[in-house]
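Labels below follow one simple rule: chain letters A, B, ... track the order of the sequence lines, proteins then strands, and each chain is numbered from 1.
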There are 2 protein chains.
Amino acid sequence: MSVTIKDVAKEANVSPSTVSRVLSDSDKISEKTKRKVRKVMNELGYHINYNARVLVQKSTKTIGIVMKHSATHSWHNPFFPEVLRGISTYCHKLDYSISLTTGESEESIYKEVVKMVHGKRIDGIIVLYSKKDDKVVPFLIEQQVPFVVIGKPMEHTNEIMYVDNDNVQAGKEAAEFLIDLGHEEIGFIGDNPDFQVIQDRMNGFKEALLSNDLFYRDEYIKYVDDNNNRKIVTELFNQEITPTALVISSDIQAIGILKLLHEIGYRVPDDISIVTFNKTFITELSIPSLTTVNTQTYQLGYESSRCLIELINEPEMFKRSVIIPTVIEVNDSHQKVLKV
Amino acid sequence: MSVTIKDVAKEANVSPSTVSRVLSDSDKISEKTKRKVRKVMNELGYHINYNARVLVQKSTKTIGIVMKHSATHSWHNPFFPEVLRGISTYCHKLDYSISLTTGESEESIYKEVVKMVHGKRIDGIIVLYSKKDDKVVPFLIEQQVPFVVIGKPMEHTNEIMYVDNDNVQAGKEAAEFLIDLGHEEIGFIGDNPDFQVIQDRMNGFKEALLSNDLFYRDEYIKYVDDNNNRKIVTELFNQEITPTALVISSDIQAIGILKLLHEIGYRVPDDISIVTFNKTFITELSIPSLTTVNTQTYQLGYESSRCLIELINEPEMFKRSVIIPTVIEVNDSHQKVLKV
DNA sequence: CTGTTAGCGCATTCAT
DNA sequence: ATGAATGCGCTAACAG
C-alpha cells in the first residue's frame, strides 16, 4: 500500500535499520548514505508511519487536553481558545500533537480521559481547570500519567505540577485598585465557587477590604448559579447601603452585569465602578471598556505545555509550579469617589 | 510492562486470538468464554493498546480539525468553541478522537496537516474555513483523504463534501429585514473578503437591494483589513448621504462598530439600525442586544462530523453537501424608519 | 558506520 | 468455536 522503510531500503541498497537511523538523523550514519537514502525517500514519496513508531517507542508525542464540560461556560469563554493557542504554540515547536477531550458531562469527560490514558493515546495531559470533587486528577495521579493543571489544585497541591496566576493576589489588587480610588462599599460577584479560582479571587478581595479597615459584609458577596444574574443584581442594589463599586470574576460575566445595571438605570462608571478579571476582546469592545486584571491566558497555556513536556521527558523531576503574574489594565469602567 | 492480550490469554487459558475476538465482540465466541475472558481482563486491569490496533487495522478512529491560523480572529471568535462542541458531541458518540491542528501561519498549518496525513494519524479531516489560495484543500484532494469543509469551497465545489449555511440567502434576509423596516440607505461591513462566507453574505445583501429597487452604492460596502474599523466608520458617515442601517458580517465585529458609533455620537437603534450574523453570547449581552442571523454553529459542527465519518466508512459515497438553515433572531438593534 | 534479528500489541488468515 | 502462525511498520540491541 504505502511506502515503508523496507521499500526505501531495497531501493537504496541499504538495510531497513539504516533507513530508520536516517529518519532519526543518527550521527552514526555517514552523510553520504544519509543523502542517498533521503533522495530515495523523496523519489518514492516515503513518509513515516507514526503509529508503528509509537508502538515500539512507547511515546506518542501527543498531549491530551481536558476541559470543563460544555454545559459550563468554558466553551463560550474566550479563555479556552486563548489558552489553547498558548499550548499549541509551544507544542508545535517541539513537534507534539494535541488531542482534545470534551464531553457533555463530567462523567463523559472522565470516561474519555480514561480511554486516552489506558489506550496509550497520549504522553501527558493538561487539565484546564481545578474543581471540587473532580475525578480526573485523582485518576491521573493513580495512573502516574504526567500531567499539569492550569489553576491551583484543590488537593495534593504539593504533588501536582500546576500553572496558575496568584488569584488571591489578583483579587486583592482588584479590590485595592478600587479602594485607592476612594471606594468603601465594594461588592464581589463571582462565578461558580466550586472552582478554586473563584474562591481565591474572593479571598483576595476580602483580604484587601479587611486590611484596609473596610467593613466586610456578606451581603456584598454574590455567586452566579445559573442564570440568576438578575436576581443577584437586584439583591445587591436593594439594600440599605449599596456598593459604589464591583469586582466581577470574569469579563464575560461583567458585560452581563453591565447590561443589567444599564437596565435598572445605573451607569458605569458614573454611578458604579467595575473591575473584572481576564482580558479578552470583550474588555476593549465593551462600552465602557473594562478595567481588568489581565491573567495572561496565552502564557498560562504556553507555560503549562512547557512544564508538561519537561515532565514527560523527566518523570521524576521536582514538581515545581509556575505562577504567571497578573497585570491590571486600566480602562474606562472605574471612577474616583468624590469625597463629600 | 502493561497488560497485553497475551497476559490475559494465559491467565484465561485461551489463545491470544480468542482474547482479540472477545475485544471485538465476535459472534464466533461462546458467551461463556467471553464472560471468562472479560472477567480476567478486569482482574488484570487490561486495556487495549490503540496504537497496536491502528497498526494492523489502518484506522485510527481519529479525525483532524484544521482551523484558520491564529493571527486571524478565528481564535477569539466564539464560532470556534461552538463548532467544536458540535463536532465533539457527534465524534464521541461514535468513539472517535479529535486531533487539533493550529499554527501561527498558513504555512505552518499546512505543514501540520501534511504531517497528520502522511503520518497516518487521522482517518479524515474537517476544515473549518474556506479560503482563497488555500493549500490545504488541494492537498487533501490529491492525497485522497476523506474530508469535509465547513463553508462553501471556492473551487471543486462538486467534488467536495461541505457543510454550510446558505450565506447568500442569509445576506439577503438580513438586508430584507431592514428593507422591510423602511430602510433605504443600508451599508455593509464585512470581514476579510478572501473568505467565501463574506463574499456570499455581501452578494446576498446586494441582491436584496437590487431586487427591491434600492440604489446600490459601492461607498456603502466596506471591508475590515486589520484594525481599520475606525477609518471605515468615518468614511461611511462622512458621505453626503449616510446609511440608516448596517449589515455587519459578524457579531464580534458588530460590537466593535457599535462602540465606534457610540463614540461619534450615533445611537443604536435610534440613529442607526444594525443586523449582524452569528449568534454567540455577545448578541444577547451587547447593549443593545443584536438582531442577528443565527447560523447555528453547533449544528454546522455536528453535521460536518457526521458527514465526515460517513465518508470515512464509505469513501466512494456520493459527495453530497449539507445546508444548515439560518434563523433571524430579532433583538433590539434595529428600528423602523419613520416615513416623513 | 552498517546489517541482522527480534519484537512492540494486536488482528487476521488458515487450520482444526 | 478456538488455536497457531504471520505480519502491520518501525526501532533497538547486538554483531560485525
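Summarising the geometry, the separation between CG on A:Asn49 and P on D:dC10 is reported as 6 Å, rounded to the nearest angstrom. Counting to the nearest Å, the P atom of D:dT6 and the CD1 atom of B:Ile5 are 17 Å from each other. Atom NZ in A:Lys10 sits about 12 Å away from atom P in D:dG9, given to the nearest Å. The CD1 atom of B:Ile29 sits 12 Å away from the P atom of C:dA11 (whole-angstrom rounding). Following rounding to the nearest Å, B:Gln57 (CD) and C:dG9 (P) show an atom-to-atom distance of 17 Å. Distance B:Lys28 NZ to D:dG3 P: 15 Å, rounded to the nearest Å.
Nucleic acid contact for A:Ser30: sugar-phosphate only, since backbone atoms but no base atoms lie under 4.0 Å from a heavy atom of the residue. Counting any heavy atom pair closer than 4.0 Å across all strands shown, A:Leu55 reaches a base atom. Here B:Tyr50 lies out of heavy-atom contact (under 4.0 Å) with every strand. As judged by a 4.0 angstrom heavy-atom cut-off over every strand, B:Ser24 is placed among residues making no nucleic acid contact. Residue contacts shown for B:Ser20 include a base, since a base heavy atom lies under 4.0 Å away. Heavy atoms of A:Asp27 sit nowhere under 4.0 angstrom from any nucleic acid atom.
Side-chain N/O atoms of B:Lys58 include one lying less than 4.0 angstrom from OP1 or OP2 on D:dG9. Residue B:Thr18 places no side-chain N or O under 4.0 Å from the OP1 or OP2 atom of D:dT2. Dashed line: the shortest gap from a side-chain N or O of B:Thr4 to OP1 or OP2 of C:dG9 is not under 4.0 Å. Regarding contacts with the backbone of D:dA4, every side-chain N or O of B:Ser15 stays at 4.0 angstrom or more from both OP1 and OP2.
At a threshold of 4.0 Å, the pair B:Arg320-B:Glu310 counts as salt-bridged, since one of the basic side-chain nitrogens sits closer than that to a carboxylate oxygen. Looking at A:Arg85 and A:Glu82, a side-chain N of the basic residue comes within less than 4.0 Å of a carboxylate O on the acidic one, giving a salt bridge.
Along DNA chain D, the nucleotide nearest B:Lys34 and the nucleotide nearest A:Ser17 are compared for position; the residue whose nucleotide lies closer to the 5' end is B:Lys34. Between B:Val14 and A:Ile48, it is B:Val14 whose nearest contact on DNA chain D lies nearer the 5' terminus.
In this model, no donor atom of one side chain and acceptor atom of the other lie less than 3.5 Å apart for B:Ser20 and B:Ser17.
Ring geometry, A:Phe195 versus A:Tyr129: the interplanar angle exceeds 60°, so the pair is classed perpendicular (tilted spans 30 to 60°).
Here the straight-line distance linking atom NZ of B:Lys135 with atom CG of B:Asp133 works out to 11.0 Å at 0.5 Å rounding.
No hydrogens or angles were tested; on distance alone, a donor-acceptor pair under 3.5 Å links the side chain of B:Arg21 to the base of C:dT13.
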